[in-house]
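Here's the structure we're looking at; comments come further down.
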Amino acid sequence: MGAIATSRRTRSMAYDPVARALHWLTVLLIAAEYTVGLTMPGIHRNTRVGTLISIHLALGSGILLLIVLRIAWRSRHRPPPPPPLPRWQRYVAAGTHAALYAALVLTPLTGWATASAHGWPVRAFGLLPLPALVAHPPHVPPWFWEAHVFMVYWVLLTLIIVHIAAALYHRLIRRDSVLSRMLPGL
Ligand code: HEM
Ligand code: HEM
């Protein structure tokens, strides 16, 4: 009886299964996207879209689609009530999550604009053709690439590091239930 009550309580403090699935799928795809981005050849004036670059465009635009779905799901499904944390920590967490969502949209958008500027077609997950985001000029200005790289490292990666550090802080130092909101089995 006690065990059932505890498991119900834990479940009601956790994100719903769809939100959890979307969270961990995003983590997997973002990790793959960084790996491909760092492995593929640098882009020069006459670079052709090789296999790794094609995978990067397909996966990155797929991530964008997934994030749009995730934000739509989130807007209709409230997260569980906040854990008992000091008010400033709840504000910092909410701010970081909002910034993560914004970066998860803007990073692929800057990449998509770079690909369109080079005249490369973009298909989400290699299947769904997307229109060119910008026209293809004779000489692609460097700021397309610079904007994407800025978002990739200085914004998205920084937020991810802060976010993971916070999750580990809750788990290993405060030893509270924050991580089990996304990983209820833990
Ligand atoms: C969250 C999603 C994404 C992540 C994490 C990501 C990550 C990266 C990384 C790590 C690089 C290598 C940067 C370097 O040279 O150090 C890169 C470059 C690039 N990405 Fe992405 N990317 C994402 C989405 C996209 C999307 C959606 C597209 C296009 C549809 C795209 C197009 C490009 C292009 C064209 C480059 C090469 C820029 C250049 O070297 O001129 N990226 N990206
Ligand atoms: C690519 C890496 C990651 C991204 C982009 C990401 C993104 C997000 C976002 C946007 C939320 C807010 C969910 C919402 O309220 O709608 C969230 C929540 C959460 N994430 Fe991540 N996450 C990443 C990796 C991780 C990792 C590696 C862990 C665990 C070590 C983790 C643990 C959590 C937890 C516990 C929550 C719930 C926090 C709470 O409600 O108090 N995340 N994540």
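Throughout, numbering of the chain's residues begins at 1 and tracks the sequence. Fair warning: this is a prediction, and the values are worked out from it, not measured in the lab. As the structure lists them, so they are numbered: ligands from 1, and atoms in each ligand from 1.
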Requested in this report: To the nearest 0.5 Å, tell me how far Met40 CE sits from Leu57 CG.
Outcome: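 Reported value, rounded in 0.5 Å steps: 7.5 Å.
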**Report entry** CG on Leu64 to CG on Leu59, rounded to 0.5 Å
**Finding:**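 Reported value, rounded in 0.5 Å steps: 12.0 Å.
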Does [X] use its side chain to pair, donor to acceptor, with the backbone of [Y] at less than 3.5 Å?
X      : Y      : result
His136 : Ala117 : yes
Ser61  : Trp112 : no
Arg181 : Tyr15  : no
His148 : Thr107 : yes
Ser116 : Ala132 : no
Arg90  : Leu85  : yes
His56  : Leu52  : no
Trp120 : Thr114 : no

Query raised in the report: Can you tell me if Asp176 and His170 form a side-chain donor-acceptor pair at under 3.5 Å?
Result: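 Their side chains do contain a donor-acceptor pair, which is all the 3.5 Å distance test asks for.
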Query raised in the report: With a 3.5 Å cut-off and no angle check, do the side chains of Arg70 and Thr26 form a donor-acceptor pair?
Result: yes
Requested in this report: Around atom 21 (Fe) of ligand 2, list the protein N/O/S atoms within a radius below 2.8 Å, excluding water molecules.
Outcome: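 Metal shell, protein only: His23 NE2, His163 NE2.
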Would you indicate which of [options] comes nearest to [atom] when only heavy atoms are counted?
atom                    : options                        : result
atom 12 (C) of ligand 1 : Ala115, Gly37, Ala31           : Gly37
atom 2 (C) of ligand 2  : Ile71, Ile67, Ile160, Leu159   : Ile160
atom 14 (C) of ligand 2 : His77, Arg181, Arg74           : Arg74
atom 38 (C) of ligand 1 : Tyr153, Trp145, Trp120, Phe144 : Trp145
atom 28 (C) of ligand 2 : Tyr101, Trp73, Tyr34, Trp24    : Trp24

**Report entry** Nitrogen or oxygen atoms of His118 and ligand 1 under 3.5 Å apart
**Finding:**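 Between His118 and ligand 1 (N or O atoms, distance only) the closest approach is not under 3.5 Å.
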Report summary line: Atom name of the N, O or S atom of His56 nearest to atom 21 (Fe) of ligand 1 is NE2
Requested in this report: Taking only heavy atoms of Arg70 into account, list the atoms of ligand 2 that are under 4.0 Å away from them.
Outcome: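 Ligand 2 atoms under the 4.0 Å threshold to Arg70: 8 (C), 9 (C), 10 (C), 11 (C), 13 (C).
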Query raised in the report: With a cut-off of 4.0 Å, which atoms of ligand 1 are near a heavy atom of Val122?
Result: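 Within the 4.0 Å cut-off of Val122, ligand 1 contributes 30 (C).
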Requested in this report: Would you mind checking which non-hydrogen protein atom is closest to atom 35 (C) of ligand 2, with the distance to 0.1 Å?
Outcome: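 Residue, atom and distance for the closest contact: Val178 O, 3.4 Å.
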Requested in this report: Give the residue, atom name and distance (to 0.1 Å) of the protein heavy atom nearest atom 40 (O) of ligand 2.
Outcome: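 Its nearest protein heavy-atom neighbour is Tyr15 OH, 2.7 Å.
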Query raised in the report: Would Ile30 count as a contact of ligand 1 if the rule is a heavy atom under 4.0 Å away?
Result: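 Flag set, Ile30 near ligand 1.
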Query raised in the report: Looking at ligand 2, does Thr26 have a heavy atom less than 4.0 Å from it?
Result: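 The answer is no, since Thr26 has no heavy atom less than 4.0 Å from ligand 2.
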